[in-house]
Protein chains: 2
Amino acid sequence: MTIQEPVTARPAGRPRSEKAEKAIIEATLDLIGDGMGVAELSIEAIASRAGVGKTTIYRRWSNKEELVADALATLKAPLPPLAGVSVRDDLISLLNAMREDKDRSRTRCVMNVMMSDADRYPALMERFRKVAIEPRKEAMREVLRRGIGTGELRADLDVEMGMAILSGTMIWYTKWASGDLPEDLPERIVDHVLPGLAA
Amino acid sequence: MTIQEPVTARPAGRPRSEKAEKAIIEATLDLIGDGMGVAELSIEAIASRAGVGKTTIYRRWSNKEELVADALATLKAPLPPLAGVSVRDDLISLLNAMREDKDRSRTRCVMNVMMSDADRYPALMERFRKVAIEPRKEAMREVLRRGIGTGELRADLDVEMGMAILSGTMIWYTKWASGDLPEDLPERIVDHVLPGLAA
DNA sequence: CCGATACGCAACAGTGCCGTTTCGGAATCC
DNA sequence: GGATTCCGAAACGGCACTGTTGCGTATCGG
């Protein structure tokens with residue numbers, strides 16, 4: 001009796017097209033990136049944009065929410081490498097990563113979704129938070145903690161508060177500043193905030 | 001020849017019901033407050049919720065955008081009275097006003113709309129910005145400017161930056177903190193930020 | 001009381017999306 | 001070659017909303 005290895009076990013018939021799968025996810029992210037809320041996303045629009053039959057979508061995902069969850073999950077967070085020399089430099093690097101993200105319409109509008117649809121799709125957002133948000137928050141926390149350790153920052157610093165101040169300020173500019181963000185904005189933010197957090 | 005005063009000149013027939021008008025605007029705000037985006041708002045839903053015929057709506061507003069614009073415009077910004085004693089106290093008052101707004105679902109979700117629909121309804125948002133956002137921003141600017149004058153704050157302080165830091169931090173907590181915001185949050189924010197802005 | 005207008009209600013055809021099914025063709029395994 | 005599964009395209013009935021229209025009623029000025 002030969003036992004078929006379950007990993008290699010291929011179901012007979014034509015295999016699913018990887019290309020179609022990627023096209024569907026790309027189309028989903030494109031539409032979200034164009035300013036669509038999750039509620040307004042239509043499967044038909046996704047299928048049309050992906051050049052794919054609706055059938056092909058329903059064969060893989062049972063509903064819109066699961067598709068969006070998978071799509072968002074593919075947005076990995078490529079954190080910038082941190083020099084680790086000074087707290088100031090590292091914080092500027094982190095904020096600069098946020099600034100550059102603004103130009104990528106996908107990332108920007110994913111933030112919109114996070115803000116406005118978070119209440120309606122809690123499971124979705126929880127998943128996205130784990131994949132994309134938490135790593136960035138943790139990176140900043142780590143920088144702040146290290147700063148406390150080296151004495152660059154106040155020993156009694158509230159790390160969460162420091163993160164809220166820096167990220168919140170950057171997001172404020174991202175959402176409400178007119179036009180592009182100046183290149184030296186992260187530097188200016190850090191230089192206005194850091195004195196309050198320093199030892 | 002008696003000239004009818006144009007102010008008193010009443011168009012013949014049954015006058016429009018103020019009650020209906022208020023009910024429509026209330027219903028609109030309620031729906032937005034329940035997490036609806038502008039795009040998903042349906043005239044039918046508004047009419048149904050207001051206990052009003054669709055006709056009555058279309059008789060007053062030619063489309064959804066104008067209705068929403070009028071509805072948002074009714075949200076006046078009741079700024080807190082500022083004691084004017086110290087910069088610290090005034091800033092805490094302003095942030096506390098934002099904190100209390102969070103509980104009012106309307107105000108909270110109006111913020112959602114501001115964030116996510118700003119790109120799609122620029123005229124709408126411009127109008128709302130003037131009515132609700134700018135007065136608050138101006139109030140905070142004024143407090144910071146006065147602080148510079150009294151020497152409480154650095155003479156070279158970037159007022160816009162100071163505003164971005166304080167408001168941005170508060171919004172960060174408003175959007176992403178779990179549960180209610182602690183009562184002393186404004187105080188803690190100001191105490192973490194102010195040392196960096198002080199002389 | 002009359003004319004005018006607004007009211008709430010119900011119905012209309014038009015549109016878009018839903019999730020499903022059917023179709024001819026293509027890819028892969030046995 | 002035959003079985004099987006996936007492909008894209010098209011069409012289905014159903015539902016929700018659109019903006020418009022006509023109905024009978026309510027409320028005003030003259």
Side-chain angles (χ1 to χ4, degrees), chain A residues 1-28 30-32 34-68 70 117 120-121, chain B residues 1-28 30-32 34-68 70 117 120-121:
Chain A
M1 180 191 257
T2 58
I3 296 177
Q4 195 87 345
E5 286 195 42
V7 182
T8 328
R10 178 117 55 129
R14 176 175 174 175
R16 291 191 177 169
S17 155
E18 268 191 50
K19 203 164 64 178
E21 192 139 340
K22 291 212 169 199
I24 293 169
I25 287 188
E26 284 295 300
T28 306
D30 278 352
L31 288 174
I32 293 178
D34 281 351
M36 287 252 182
V38 177
E40 306 148 61
L41 269 183
S42 82
I43 300 284
E44 296 212 349
I46 294 172
S48 156
R49 180 142 185 164
V52 142
K54 278 198 293 179
T55 333
T56 307
I57 295 183
Y58 281 110
R59 200 173 286 125
R60 296 156 204 261
W61 295 277
S62 57
N63 59 54
K64 190 166 60 184
E65 189 157 347
E66 292 197 12
L67 167 56
V68 173
D70 277 3
D117 290 346
R120 270 184 292 178
Y121 303 90
Chain B
M1 180 191 258
T2 58
I3 294 179
Q4 193 88 349
E5 288 194 40
V7 182
T8 329
R10 180 120 51 130
R14 175 176 176 175
R16 292 192 176 170
S17 155
E18 270 190 48
K19 204 165 64 178
E21 193 139 340
K22 292 211 170 200
I24 294 169
I25 287 188
E26 283 294 300
T28 306
D30 277 353
L31 288 174
I32 292 179
D34 281 352
M36 288 251 181
V38 177
E40 306 148 62
L41 270 183
S42 84
I43 301 284
E44 295 214 345
I46 294 172
S48 156
R49 180 144 186 162
V52 143
K54 278 195 294 179
T55 336
T56 306
I57 295 182
Y58 282 112
R59 200 174 286 125
R60 296 156 204 260
W61 296 277
S62 58
N63 57 55
K64 189 167 59 183
E65 189 158 346
E66 292 195 11
L67 167 56
V68 173
D70 276 3
D117 290 346
R120 270 184 293 179
Y121 303 91

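Just so it is clear: chains get the letters A, B, ... in the order the sequence lines come, proteins before strands, and each one is counted from 1.
- A heavy-atom distance below 4.5 Å is found between the side chains of B:L67 and B:I46.
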*Would B:T55 and B:R59 satisfy side chain to side chain contact (heavy atoms under 4.5 Å, CB included), going step by step from the backbone distance to the final call?*
CA-CA 6 Å; B:T55 336; B:R59 200 174 286 125; 3.5 Å; yes
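- Contact between the side-chain N/O atoms of A:R60 and the OP1/OP2 oxygens of D:dC6 is not found at any separation under 4.0 Å.
- Rounding to the nearest 0.5 angstrom, the gap separating the CD1 atom in B:I57 from the CD atom in B:E21 is 11.0 Å.
- Rounding to the nearest 0.5 Å places CG of B:D117 at 8.0 Å from CD of B:E40.
- Near DNA chain C, defined here as any heavy-atom distance below 4.0 Å, there are no residues from residues 16-28 of chain A.
- Residue A:M36 holds its CE atom at 5.5 Å from CG of A:L31, rounded to the nearest 0.5 Å.
- When rounded to the nearest whole Å, the span between CD1 of A:I46 and C1' of C:dC18 equals 13 Å.
- Remark: A:K64 pairs with no residue by the salt bridge (Lys or Arg N to Asp or Glu O under 4.0 Å) rule, at least two apart or across chains.
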*If the sugar-phosphate is the primed atoms plus P, OP1 and OP2 and the base is the rest, what is the B/S/- string for nucleotides 13-27 of chain D, using protein heavy atoms under 4.0 Å?*
----SBBBB----BB
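- B:R59 places its CZ atom 12 Å from the P atom of C:dT5, with the value rounded to the nearest Å.
- Distance check: B:I43 CD1 to B:W61 CH2 gives 9.5 Å after rounding to the nearest 0.5 Å.
- When A:T28, A:I24, A:D30 are each tested for a side-chain contact (heavy atoms from CB on, under 4.5 Å) with A:R49, only one passes: A:D30.
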